[in-house]
Amino acid sequence: QVRLVESGGGLVQAGESLRLSCAASGNIFSIDTMGWHRQAPGQQRVSVAVITSGGTINYGDSVKGRFTISRDNAKNTVYMIMNSLTPEDTAVYYCAAYLRGRSWFAKPEYWGRGIQVTVSS
């Protein structure tokens with residue numbers, strides 16, 4: 001089992017920035033790609049950004065150029081800096097981890113509990 005713990009959410013105004021962190025613990029050798037998904041009220045959960053242990057990155061179209069994902073493999077932690085936030089970015093953000101050998105197009109194996117990000121206009 002892998003445990004994912006998110007931190008860094010909160011309430012900001014449009015145009016401001018936030019940094020999310022997700023620390024993984026447990027059987028971390030079973031996972032490789034980590035990333036962030038988000039779910040807005042009444043909408044499906046969607047992938048925002050993912051990063052492999054080797055540093056390959058994929059962003060969702062709506063956040064390209066504004067969000068930056070990174071990871072520290074020594075700390076088993078993934079980060080996401082979110083710039084130029086808009087009210088449309090308001091959602092619960094979930095950290096996700098994928099089994100080693102699985103594509104990021106597959107369903108993540110592990111999820112964090114989620115953290116609220118609210119952007120006011």
Side-chain angles (χ1 to χ4, degrees):
Q1 288 290 325
V2 173
R3 184 183 183 210
L4 303 174
V5 179
E6 302 107 332
S7 62
L11 170 65
V12 296
Q13 293 188 333
E16 294 184 340
S17 301
L18 275 176
R19 188 180 84 153
L20 303 182
S21 300
C22 172
S25 60
N27 187 20
I28 59 172
F29 296 105
S30 68
I31 62 173
D32 186 277
T33 298
M34 295 179 66
W36 295 92
H37 293 233
R38 70 185 182 187
Q39 187 168 18
Q43 298 186 22
Q44 290 187 329
R45 192 175 300 186
V46 297
S47 178
V48 175
V50 293
I51 182 169
T52 69
S53 60
T56 301
I57 291 171
N58 188 65
Y59 292 105
D61 288 341
S62 63
V63 306
K64 285 179 180 176
R66 299 188 300 123
F67 291 11
T68 302
I69 191 170
S70 62
R71 68 189 286 170
D72 184 333
N73 290 329
K75 296 182 178 179
N76 303 312
T77 300
V78 64
Y79 307 94
M80 186 165 70
I81 297 174
M82 305 183 292
N83 295 322
S84 302
L85 286 162
T86 74
E88 288 68 37
D89 295 313
T90 295
V92 177
Y93 284 71
Y94 295 90
C95 182
Y98 299 73
L99 287 178
R100 188 171 298 278
R102 291 264 183 96
S103 165
W104 63 49
F105 295 108
K107 182 179 177 181
E109 184 71 14
Y110 301 103
W111 293 99
R113 297 182 67 176
I115 192 164
Q116 179 70 44
V117 171
T118 303
V119 185
S120 64
S121 58

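Excluded from the calculations below are hydrogen atoms, water molecules and symmetry mates; all remaining heavy atoms, backbone and side chain alike, are included. Nothing here was measured: the structure is a model prediction, and the numbers come from that model.
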Table please: side-chain donor-acceptor pairs of residues 86-101 below 3.5 Å, with sequence neighbours left out.
| unit_1 | atom_1 | unit_2 | atom_2 | d |
| --- | --- | --- | --- | --- |
| T86 | OG1 | E88 | N | 3.3 |
| T86 | OG1 | E88 | OE1 | 3.1 |
| T86 | OG1 | D89 | OD2 | 3.4 |
| D89 | OD1 | R38 | NH1 | 2.9 |
| D89 | OD1 | R66 | NH2 | 2.9 |
| D89 | OD2 | R66 | NH1 | 2.8 |
| D89 | OD2 | R66 | NH2 | 3.4 |
| D89 | OD2 | T86 | N | 2.9 |
| T90 | OG1 | P87 | O | 3.0 |
| T90 | OG1 | V119 | N | 2.9 |
| T90 | OG1 | V119 | O | 3.4 |
| Y93 | OH | R38 | NH1 | 2.8 |
| Y93 | OH | D89 | O | 2.6 |
| Y98 | OH | H37 | NE2 | 2.9 |
| R100 | NE | F29 | O | 3.0 |
| R100 | NH1 | D32 | OD2 | 3.3 |
| R100 | NH2 | I31 | O | 2.8 |

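Minimum interatomic distance between G8 and I115 (heavy atoms only, all atoms of both residues): N-CD1, 3.4 Å. Nearest heavy atoms, T68 versus Y59: CA-OH, 3.3 Å. Scanning all heavy atoms of the two residues, the minimum distance from N27 to S30 falls at O-OG, 2.6 Å. Of all non-hydrogen atoms in V78 and S70, the two that sit nearest each other are CG2-O, 3.1 Å.
Contact of the L20 side chain with the E6 side chain is not registered, since no non-hydrogen atoms from C-beta on lie closer than 4.5 Å. At a threshold of 4.5 Å between non-hydrogen side-chain atoms, the residues L18 and F67 do not count as touching.
Distance check, rounded to the nearest 0.5 Å: CG of N58 to CZ of F105 gives 5.5 Å. Between T33 atom OG1 and I57 atom CD1 the span is 11.0 Å, to the nearest 0.5 Å. From I69, atom CD1 reaches atom CD1 of I51 across 5.5 Å, with rounding to the nearest 0.5 Å.
Judged as a side chain to side chain donor-acceptor pair (under 3.5 Å), the pairs with a partner in residues 8-25 (not counting sequence neighbours) are, in order, S17-N83. Under the side chain to side chain donor-acceptor pair (under 3.5 Å) criterion, the residue pairs touching residues 105-121 are Q116-T118, with sequence neighbours excluded.
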**Item:** Candidate pair W104 and T56, rule side-chain contact (heavy atoms from CB on, under 4.5 Å), full reasoning
**Value:** CA-CA 11 Å; W104 63 49; T56 301; 3.7 Å; yes
**Request:** For the pair M82 and V48, evaluate side-chain contact (heavy atoms from CB on, under 4.5 Å) and give the outcome as yes or no after the intermediate values.
**Result:** CA-CA 11 Å; M82 305 183 292; V48 175; over 6 Å; no
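No single ILVMFWY cluster, assembled from side-chain heavy atoms under 4.5 Å apart, contains both V63 and V50.
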